[in-house]
Undergrad: 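Below is the structure I would like to discuss, written out as structure tokens.
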Amino acid sequence: MLVCLIWYACIGAFACLHNVPSMPASRTRVLNGLQEKGSLNVLLIVADDLRPSLGCFGDTVVKSPNIDQLASKSNVFHNAFVQQAVCAPSRTSFLTGRRPDTTRLYDFGSYWREHAGNYTTLPQHFKSSGYITMSVGKVFHPGIASNHSDDYPYSWSTRPYHPSSYEYEKKKVCKGKDGKLHANLLCPVDVSEMPEGTLPDMQSTEEAVRLLKAVKDESHPFFLAVGYHKPHIPFRYPQEFLKLYPLENMTLAPDPEIPKGMPTVAYNPWTDIRKREDVQALNVSFPYGPIPRDFQLQIRQSYFAAVSYLDTQAGQLLSALDDLGLANETIVVFTSDHGWSLGEHGEWAKYSNFDVALRVPLIIYVPGTTAPTPKPGDKTFPFLDPFQHTPDTVSKGTVVREVVELVDLFATVSELAGLTVPPPCPDSSFHVELCTEGFSLGDTFGASELKINSEAIAYSQYPRPTDLPQHDSDLPLLRDIRVMGYSIRSCDYRYTEWVGFDPATFRAHFQDVHAGELYFVATDPNQDKNLYNITEYAGVVQRFRSYLQK
């Protein structure tokens, strides 16, 4: 049973600490307005490296009118966290409903069905329930992590689609100031000059719309997953989106310096962006940098521009769903595989246990439940041009502020669609094909009065090869992992404990503590003041430590 403990620190601040059992708590209720089993389609949209830098999450800089419009008709989860801040482990986790310690994937080097267990995936669950399941773009992480097949044919009815122009994503296609082509981090382009005259996410939108048209009149419902590549680096996007973000209006991160109390093991040296030609030209020292101020501003500018480009692609897809008469029959889920640091703590990219890397947008639209059925002739998702749209007082939808996890997605979408919700996994579930280590968020939908579950917490983790930053600190191979950072996010705190880890046995040694972090997010939302070694918080540390060791 979840227990909420109120602690009174000597400084007089309130702190809500929470205990959770090893198996997910049961959260079920009757969902108002849902149709019969299997009658609702599902459109899952997954962005890559997208933090909640969106208007619907309170960002006043980013222009994201289409995603904001979706949010206005949805449940919007403001405190959703992934289980590991890197692509393959995170995607495998939320698509199987299992945590990284159960998928045994912390890098890109193994396929869960062979390395851990023959786990049923979210799309596979729908496929076995009679759905036509389709994948476009980056849904599962490509390569070994999904058996070089995006888990086809287990998860998908048809072979997954990958945009052909992605072949050029890391090649020298970025025009530099010298007029030559480079493999840069910052890569605004004239699309007409690109190989094939297009970009990967444009192709994915076109294919997704084609598939919607093809299955529109099928007798079976569909589950369509669309994985967009942006705003993942390199920041290759149509150059006109830079106009939305004049460089003179850009600001640095609120905390661009490395906090004095941050343990060295917690720092990620952003080795991936260092490999880009324009960053190499800066001759930034390893591991701490810093990147010159003017280039920091340009990174932030290009990240925001890439987000607006992503928004237009999502907007075109949602508008097509509407035009085909499917918006009132389709659950829409919008999320990301993890966040991305934009200079906070002197860090860039993901690869950490801070909120900025772990927190993601989670938006779920359920027709007739999160929004009323539109009148005949009215559109649910008309396309909004970010260059012409002026933000107004659009509803922010149903805001859910309790802490949730992406590992909850499997059970949640299953319940919303009327399918059997996977049972809770036992303590050891390597032999169990269908179960979940999350739980359904169905009780947040259709309620006349939304009560926050203030007892909820999220678990995440990140591996390191050593305590000191080195060139493989961001993404160590399994065989090189020696330290695992286990992190808990409650309503008030972010607690992380870095402990010894044996990659041969997949065992964490919680008595071998390398470092610890404790941040009181109510007064320190950016997590810059580490309270781990402060005497007054010793009881808080011990309480969180006991949760991890369970």
Side-chain angles (χ1 to χ4, degrees), residues 7 9 11 13-18 49 51-53 57-59 78-86 251-270 287-290 296 300 338-361 401-405 456-462 464 467 469 473-474 483-498 513-534 536-538 540-541 543-545 547-548:
W7 288 75
I11 59 173
F14 288 89
C16 184
L17 298 185
H18 318 295
D49 288 15
R51 56 196 263 167
S53 291
F57 285 86
D59 193 300
H78 276 241
N79 287 297
F81 296 90
V82 302
Q83 279 44 77
Q84 188 177 328
V86 71
T251 59
L252 297 177
D255 54 344
E257 305 296 331
I258 299 171
K260 293 181 179 180
M262 178 198 291
T264 56
V265 70
Y267 183 78
N268 83 82
W270 30 281
Y288 297 112
Q296 290 190 42
R300 291 171 65 86
H338 44 71
W340 213 80
S341 298
L342 283 169
E344 294 86 359
H345 309 119
E347 295 179 306
W348 304 87
K350 47 259 190 181
Y351 315 120
S352 82
N353 276 324
F354 291 109
D355 276 16
V356 73
L358 292 168
R359 183 171 169 247
V360 293
R401 298 196 180 277
E402 70 180 66
V403 174
V404 302
E405 305 176 279
I457 63 175
Y459 288 102
S460 304
Q461 60 191 103
Y462 208 87
R464 296 282 191 238
D467 291 341
S473 290
D474 288 349
V483 185
M484 187 68 74
Y486 289 93
S487 195
I488 293 176
R489 180 61 154 82
S490 73
C491 61
D492 290 331
Y493 286 100
R494 162 71 65 189
Y495 176 78
T496 303
E497 191 168 288
W498 298 90
V513 179
H514 291 229
E517 300 170 81
L518 179 69
Y519 304 98
F520 184 50
V521 296
T523 58
D524 182 23
N526 296 319
Q527 296 155 29
D528 295 314
K529 300 174 183 178
N530 188 1
L531 306 173
Y532 181 81
N533 290 316
I534 303 299
E536 290 86 348
Y537 290 89
V540 179
V541 168
R543 178 64 60 175
F544 276 119
R545 178 173 293 169
Y547 297 165
L548 288 178

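Values below: every heavy atom of this structure, side chains too, minus hydrogens, waters and symmetry copies. Remember, it's a predicted structure, so these values are computed and weren't measured experimentally.
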Undergrad: Determine whether a donor-acceptor pair (N or O, by modelled atom type, separation under 3.5 Å) exists between the side chain of R51 and the backbone of H338.
TA: no
Undergrad: Taking all non-hydrogen atoms of both residues, which atom of A357 and which atom of A85 are closest, and how far apart?
TA: O-CB, 3.6 Å
Undergrad: Given the ring of Y537, does R543 sit roughly above its face, with NZ or CZ under 6.0 Å from the centre of the six-membered ring and within 45° of the axis?
TA: no
Undergrad: Over 60° means perpendicular and under 30° means parallel, so classify the ring planes of Y519 and F354, tilted if in between.
TA: tilted
Undergrad: For the residue pair S352 and A266, what are the closest heavy atoms and their distance?
TA: CB-O, 4.3 Å
Undergrad: CH2 of W498 to CZ of R464: how many Å apart, nearest 0.5 Å?
TA: 4.5 Å
Undergrad: From D492 CG over to I457 CD1, what is the distance, rounded to the nearest 0.5 angstrom?
TA: 12.5 Å
Undergrad: What's the spacing between L358 CG and K350 NZ if we round to 0.5 Å?
TA: 12.5 Å
Undergrad: Please examine the side chains of V86 and Y462, heavy atoms only from C-beta on, and report whether any two atoms are closer than 4.5 Å.
TA: yes
Undergrad: Do you know which two heavy atoms are closest between G485 and N353, and how far apart they sit?
TA: O-ND2, 3.1 Å
Undergrad: Does the side chain of Y493 come within less than 4.5 Å of V521's, by heavy atoms?
TA: no
Undergrad: Would the distance check show the side chain of R489 and the main-chain N or O of V403 forming a donor-acceptor pair, the cut-off being under 3.5 Å?
TA: no
Undergrad: With heavy-atom distances below 4.5 Å as the criterion, would you say the side chains of E536 and L531 are in contact?
TA: no
Undergrad: What's the shortest heavy-atom distance between F57 and P52, and which atoms?
TA: CB-O, 3.5 Å
Undergrad: Taking D467's backbone N and O only, do any of them form a donor-acceptor pair with T264's side chain (distance below 3.5 Å, no angle check)?
TA: yes
Undergrad: Could you check whether any side-chain heavy atom of E517 comes within less than 4.5 Å of a side-chain heavy atom of R494, counting everything from C-beta outward?
TA: no
Undergrad: Between Q461 and Q83, is any pair of side-chain heavy atoms under 4.5 Å apart?
TA: no
Undergrad: Can you see which heavy atom on I258 is nearest to which on H345, and at what distance?
TA: CG1-O, 3.4 Å
Undergrad: At their closest point, which heavy atom of S490 faces which heavy atom of F544, and how far apart are they?
TA: OG-CZ, 3.9 Å
Undergrad: Restricting to side-chain contact (heavy atoms from CB on, under 4.5 Å), what partner residues turn up for A349, sequence neighbours left out?
TA: D272, W340, Y351
Undergrad: Measuring from S341:OG to W270:CH2, what's the distance to the nearest 0.5 Å?
TA: 11.5 Å
Undergrad: Check whether D59 reaches the backbone of S53 with its side chain - one donor and one acceptor, N or O, closer than 3.5 Å.
TA: no
Undergrad: Looking at Q84, is its backbone amide N or carbonyl O close enough to the side chain of S460 to form a donor-acceptor pair, meaning the two atoms are under 3.5 Å apart?
TA: no
Undergrad: Which one of N526, D255, L252 satisfies the side-chain contact (heavy atoms from CB on, under 4.5 Å) criterion with E344?
TA: D255
Undergrad: Under a 4.5 Å cut-off applied to non-hydrogen side-chain atoms, are P269 and D474 in contact?
TA: yes
Undergrad: Would you check if the side chain of D528 reaches a backbone N or O of P259 as a donor-acceptor pair within less than 3.5 Å?
TA: no
Undergrad: Where the side chain of Q527 meets the backbone of D355, is there a donor-acceptor pair that is under 3.5 Å apart?
TA: yes
Undergrad: Is there a side-chain contact between N79 and R359, using heavy atoms and a 4.5 Å cut-off?
TA: yes
Undergrad: With a 4.5 Å heavy-atom cut-off, do Y495 and L548 have their side chains touching?
TA: yes
